[in-house]
Amino acid sequence: MSAYRTAIETNYRMIKGESIAENEREAIVGELLGAAEAGPAMPTGSRAMYPVFFIPPEGVKLQSLMAQIPKTRILAGNMYELEILRVLCLLAPEDPRVVFMRDATLERLRSTCFGWEDDGVGECFDASLVVLRFLCAAAPGDREWIKSRIENYNRHVGERKRPWFSLWYFWLCLSEMPLELALPEIEGHREELEKKLRRSYVMNSEQDRALHPMLICMLRNLMSRLPEYAWLKGRQVVIGPGDGRARLDMEERPAA
């Protein structure tokens, strides 16, 4: 579990815009590579639905970046592998071991319903979002594949009432994907995003204190992609002295 925890914490730091020193990068990459499976190097079978290189330990409940707890092996396993491998793709993109695992995993995902096909069933819908975010780091040039996962989300999101983290995970993807693909989607969610950006968030529990500043920074990263919100870049989360709630510093400042 330590490798996955490291991947999640590294995600939080990167979303917040924290600097990761070179020696820290090397330590993170070393830990994650050290957790890779030493067994079969390639997926087998016509549909390789489960991870090959990073496999979650038995009997341990995982939590996503959004504190979602998967109910199925498909979501839990793919979330575990793709989140770890995504960090490796960002921190060590030229490492031969990372390149090999990335390419093999992309090939595996092409054989899955949630990674390649029209699929909004159960937690395959959520797994498709995990694939979308992974693609934005591992294969940002494959615009058609990324578009297919965006379309899968839009096609199925309204089929039933879904928990909050599906929408927020999609917004996280929009903050990281190629700009020309993100902009039309951001415009479609703009009114709701502006409301979320300007509100404050409770900090009552340990989970609140870990999750809410990250979500606020994700909204900042997302909205600052729009020219009229470019001034948000670099703005930090502040805690209200009176209410203890977290919010983004959006105080207007005179031009220098």
Side-chain angles (χ1 to χ4, degrees), residues 1-2 4-21 24-25 28 61-70 79 83 86-87 90 126 129-130 132-133 136 153 157-158 161-177 179 182-256:
M1 273 295 289
S2 60
Y4 182 71
R5 188 69 249 164
T6 295
I8 294 297
E9 290 172 356
T10 303
N11 264 283
Y12 283 174
R13 293 182 63 186
M14 295 172 80
I15 292 167
K16 291 177 182 178
E18 294 181 17
S19 176
I20 302 178
E24 286 186 284
R25 285 175 174 253
I28 292 167
K61 285 189 176 182
L62 301 178
Q63 280 196 353
S64 74
L65 279 170
M66 307 295 179
Q68 176 184 9
I69 299 176
M79 184 178 72
E83 290 290 9
R86 178 185 172 277
V87 171
L90 292 173
D126 301 272
L129 281 173
V130 176
L132 171 59
R133 186 166 187 245
C136 294
Y153 173 84
V157 66
K161 186 175 180 180
R162 298 186 184 276
W164 68 270
F165 29 73
S166 298
L167 175 60
W168 284 76
Y169 201 92
F170 183 64
W171 287 345
L172 177 61
C173 294
L174 295 183
S175 75
E176 298 168 340
M177 71 176 58
L179 185 60
L183 285 179
E185 301 298 323
I186 295 173
E187 288 295 340
H189 291 255
R190 183 173 181 139
E191 183 177 351
E192 188 172 3
L193 285 165
E194 287 178 333
K195 290 178 181 177
K196 298 294 187 189
L197 182 69
R198 295 179 183 279
R199 61 161 287 192
S200 63
Y201 298 82
V202 299
M203 298 283 277
N204 295 334
S205 66
E206 184 177 343
Q207 180 169 292
D208 291 342
R209 290 187 285 273
L211 188 60
H212 289 167
M214 182 275 293
L215 293 177
I216 295 169
C217 289
M218 180 274 290
L219 291 171
R220 174 201 65 194
N221 300 343
L222 172 57
M223 295 302 285
S224 66
R225 308 190 84 180
L226 300 175
E228 59 270 43
Y229 281 105
W231 57 274
L232 286 175
K233 292 177 182 177
R235 293 297 180 94
Q236 299 300 315
V237 175
V238 295
I239 308 299
D243 58 13
R245 295 171 69 95
R247 54 178 60 81
L248 188 67
D249 172 18
M250 297 185 67
E251 181 181 348
E252 293 190 17
R253 298 178 175 84

With sequence neighbours excluded, what pairs up with [X] under the side-chain contact (heavy atoms from CB on, under 4.5 Å) test?
| X | result |
| --- | --- |
| A246 | M203, I216, V237, I239 |
| R13 | E18, I20, E24 |
| E192 | L167, W171, K196 |

Separation between [atom1] of [X] and [atom2] of [Y], rounded to the nearest 0.5 Å:
| X | Y | atom1 | atom2 | value |
| --- | --- | --- | --- | --- |
| L65 | L211 | CG | CG | 9.0 Å |
| W231 | M250 | CH2 | CE | 4.0 Å |
| R86 | N11 | CZ | CG | 5.0 Å |
| M79 | Y4 | CE | OH | 3.5 Å |
| L193 | K195 | CG | NZ | 11.0 Å |
| S205 | H212 | OG | NE2 | 7.5 Å |

Taking the side chain as every heavy atom from C-beta outward, state whether [X] and [Y] have any pair of such atoms under 4.5 Å apart.
| X | Y | answer |
| --- | --- | --- |
| L215 | Y201 | no |
| F165 | L172 | no |
| T10 | L90 | no |
| V130 | Y169 | yes |

For [X] against [Y], the heavy-atom pair lying closest together:
| X | Y | value |
| --- | --- | --- |
| D126 | Q68 | OD1-NE2, 3.5 Å |
| I15 | C217 | O-CB, 3.7 Å |
| C173 | C136 | O-SG, 4.5 Å |
| G17 | R220 | N-NH2, 4.1 Å |

Check your understanding: If only atom types and distance count, is the side chain of R235 paired as donor or acceptor with the main-chain N or O of L248 below 3.5 Å?
Key ->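 Absent.
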Practice item. Check for a donor-acceptor pair, side chain of Q236 on one end and backbone N or O of G234 on the other, with a separation under 3.5 Å. Key: yes
**Study point:** Qualifying residues under ring-ring contact (aromatic ring centres under 6.0 Å, His included), relative to Y229, sequence neighbours excluded
**Key:** none
Revision key, fill the gap. The salt bridge (Lys or Arg N to Asp or Glu O under 4.0 Å) partners of R133 (sequence neighbours excluded) come to E83, E176
**Study point:** Contacts of R247 that satisfy salt bridge (Lys or Arg N to Asp or Glu O under 4.0 Å) - sequence neighbours left out
**Key:**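 Scan of R247 (salt bridge (Lys or Arg N to Asp or Glu O under 4.0 Å), adjacent residues dropped) gives D243.
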**Study point:** Derivation and outcome, side chain to side chain contact (heavy atoms under 4.5 Å, CB included), residues L232 and N221
**Key:** CA-CA 8 Å; L232 286 175; N221 300 343; over 6 Å; no
Practice item. Give a yes or no on this: more than 12 heavy atoms of other residues, nucleotides or ligands lie within 6.0 Å of atom CD of E206. Key: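 At most 12 heavy atoms, drawn from other residues, nucleotides or ligands, come within 6.0 Å of this atom.
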